Structures are given as structure tokens and as C-alpha cells.
Amino acid sequence: MQEDEAAGVRRRDAPVVFLGDSITEGGNWRRWFPDVWAVNAGVGGDTAADVLARLASAVPDSGPAVPCAVLLLVGTNDLSWERSIAAITADVAAILDGIRQRAPRAHVVVQGVMPREAAATARVRELNAAYRALVDARPGVGYLDLWPALAASDGTLLAHCTEDQLHLTQAGYEAWLTMLRPVVASLTP
């Protein structure tokens with residue numbers, strides 16, 4: 001364990017990188033995971049191609065900052081830009097290859113895209129099915145389905161979890177954390 005001087009808390013020796021877009025960026029990962037060296041590598045507006053382009057800065061490949069785990073959440077902005085499922089999935093495959101090259105021992109988890117407004121439900125489900133198939137074909141990569149914690153019966157984001165049918169409220173982050181906490185605990189040494 002190392003001391004995180006800025007936060008005054010103890011942390012694990014290797015970081016857990018939360019990688020993604022504005023939904024990830026909005027997370028207070030250090031507070032929510034005080035015993036983990038949590039790195040927030042979320043950037044608002046990012047698509048899968050954007051995450052791929054900045055992978056070298058988000059996932060160091062040498063020194064003490066090489067992650068022990070990477071949790072990836074990306075794709076909702078791609079859907080907003082009306083990119084094809086195949087193009088998004090190809091970018092995510094390249095991200096996974098890049099993570100494996102940069103941090104060969106890191107545990108990697110692809111998180112399913114969260115529910116959104118009703119008009120997006122079918123495409124989100126299609127993308128998540130493509131992610132699951134991608135992950136199933138890759139040893140050492142896990143998939144985390146976030147729908148059980150965040151989806152209403154009609155496939156939209158639960159009303160109390162959002163104000164805009166995309167970004168999360170505190171209640172939304174807390175629902176997400178119910179899914180993430182056991183995963184992070186299982187991935188960290």
C-alpha cells in the first residue's frame with residue numbers, strides 16, 4: 001500500500017482505471033473506493049475512437065501507474081453520433097487490444113452501455129449484445145451488464161437516476177456502484 005498524499009488515504013499499489021466518457025468523468029472514484037488507487041480517465045463527449053486515441057495517456061505501460069484493472073464504459077456518444085454498431089465494436093476491440101498490450105496483467109471489464117431515452121433503447125441493446133459477443137471471444141476480459149441496476153421495465157434509464165435520460169444523478173451513481181463494488185473488490189489484489 002502507498003500513501004496518497006493529496007487525499008491522505010491509503011491505496012493499493014497498482015491503480016484501477018475507470019475509462020470512458022462523461023458518465024465516468026462524473027464519478028468520484030477516489031471517494032467511492034478509498035482503499036483503491038482509483039484513476040478517473042473519463043472525458044466528457046468521448047466516443048470509442050476518442051478513448052482509443054488517448055489510450056496511451058489513460059493506461060500507462062510502465063512504472064507504478066500500470067493498472068491492475070481497467071473498467072471501460074463507452075459507446076453512448078457513438079450512438080448519439082449514429083455510428084454503426086460494427087464501427088463502435090471495432091473501436092472497442094482495438095481499445096481492448098491496446099489495454100492488453102499496455103497492461104498485459106490488468107483485469108479488464110467492459111461495462112454495457114447504460115439505458116437512455118426510449119428512442120435509443122433498441123440500439124443500446126444491440127450495442128450491448130455486440131459488446132457481450134466481443135468479450136465472450138476474449139479470454140481475460142469480463143462484461144458487466146448495468147441494466148439490472150439502472151433500467152426501468154420499458155428499457156429507459158430509471159427516472160430517479162437521471163435528469164436528462166443520459167447522465168446520472170447521485171441516485172444513479174449509487175445504483176451503478178451496487179454493481180461495481182463487488183467487481184472492483186474481485187479485481188484488486
Side-chain angles (χ1 to χ4, degrees), residues 1-78 81 83 87-114 127 130-132 134-144 146 167-168 173 176-177 179-189:
M1 302 280 273
Q2 298 179 359
E3 193 69 27
D4 184 341
E5 296 173 21
V9 297
R10 296 181 61 77
R11 61 183 181 174
R12 304 270 178 177
D13 291 333
V16 173
V17 175
F18 295 87
L19 181 60
D21 54 33
S22 62
I23 299 169
T24 299
E25 183 180 37
N28 194 341
W29 306 111
R30 284 185 181 209
R31 182 168 56 90
W32 296 334
F33 294 97
D35 294 331
V36 172
W37 178 1
V39 175
N40 189 336
V43 174
D46 264 9
T47 63
D50 296 324
V51 170
L52 180 59
R54 66 182 176 83
L55 196 59
S57 64
V59 179
D61 63 356
S62 62
V66 175
C68 66
V70 178
L71 289 101
L72 176 67
L73 176 65
V74 70
T76 200
N77 292 322
D78 296 87
W81 285 101
R83 294 189 67 220
I88 301 166
T89 305
D91 285 342
V92 170
I95 291 168
L96 296 176
D97 290 343
I99 292 169
R100 191 56 59 223
Q101 289 171 357
R102 302 190 66 71
R105 287 188 235 145
H107 301 283
V108 181
V109 176
V110 175
Q111 299 173 82
V113 174
M114 296 175 181
L127 181 57
Y131 281 179
R132 188 178 296 269
L134 176 67
V135 166
D136 286 348
R138 290 174 179 264
V141 179
Y143 179 81
L144 179 59
L146 301 176
H167 296 95
L168 299 177
Y173 279 104
W176 186 13
L177 286 168
M179 304 292 289
L180 280 177
R181 282 192 173 107
V183 171
V184 171
S186 75
L187 298 178
T188 54

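From a predicted model like this one, the values you see are computed outputs, not experimental measurements.
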* Taking it one step at a time, do Y143 and L134 satisfy side chain to side chain contact (heavy atoms under 4.5 Å, CB included)? -> CA-CA 9 Å; Y143 179 81; L134 176 67; over 6 Å; no

In Å, rounded to the nearest 0.5 Å, how long is the span from [atom1] of [X] to [atom2] of [Y]?
| X | Y | atom1 | atom2 | answer |
| --- | --- | --- | --- | --- |
| N40 | L19 | CG | CG | 9.5 Å |
| T24 | W176 | OG1 | CH2 | 4.0 Å |
| H167 | D21 | NE2 | CG | 7.0 Å |
| I23 | L73 | CD1 | CG | 5.5 Å |

* **Side-chain heavy-atom pair R100, V70 within 4.5 angstrom cut-off** =>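 SC-SC contact between R100 and V70 ruled out.
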
* Flag the pair R181 / W32 as yes when at least one side-chain heavy-atom distance between them is below 4.5 Å, and no otherwise. =>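 In contact.
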
How close do [X] and [Y] get, heavy atom to heavy atom, and via which atoms?
| X | Y | result |
| --- | --- | --- |
| V183 | L71 | CG1-CD2, 4.1 Å |
| V108 | L96 | CG1-CD2, 3.6 Å |
| A106 | A69 | CB-N, 4.2 Å |
| V92 | Y131 | CG2-OH, 3.5 Å |
| V74 | V113 | O-CG2, 3.6 Å |
| V43 | E25 | C-OE1, 3.9 Å |

* Asked: Crowded around R105 CZ? As in, over 12 foreign heavy atoms under 6.0 Å?
  ->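 Result for CZ/R105: open.
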
* Got a donor-acceptor contact below 3.5 angstrom from the R132 side chain to the L144 backbone? ->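 Answer holds: no.
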
* Asked: Quick one: ring-ring contact (aromatic ring centres under 6.0 Å, His included) partners of F18, sequence neighbours excluded?
  ->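 Expected list: W29, F33.
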
When the side chains of residues 47-55 are checked against the rest of the protein, which donor-acceptor pairs come out under 3.5 Å, sequence neighbours left out?
unit_1, atom_1, unit_2, atom_2, d
T47, OG1, A49, N, 3.4
T47, OG1, D50, N, 3.2
T47, OG1, D50, OD2, 3.1
D50, OD2, T47, N, 2.9
R54, NE, D46, OD2, 2.5
R54, NH1, A41, O, 3.1
R54, NH2, G20, O, 2.8
R54, NH2, A41, O, 2.9
R54, NH2, D46, OD2, 3.0

* Identify the residue among L187, D13, V16, V17 that makes a side-chain contact (heavy atoms from CB on, under 4.5 Å) with C68. =>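 Only match with C68 under side-chain contact (heavy atoms from CB on, under 4.5 Å): V16.
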
* Which residue pairs pass the salt bridge (charged side-chain N to carboxylate O under 4.0 Å, His left out) test with at least one member in residues 87-96, sequence neighbours excluded? ->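 Output for this query lists R83-D91.
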
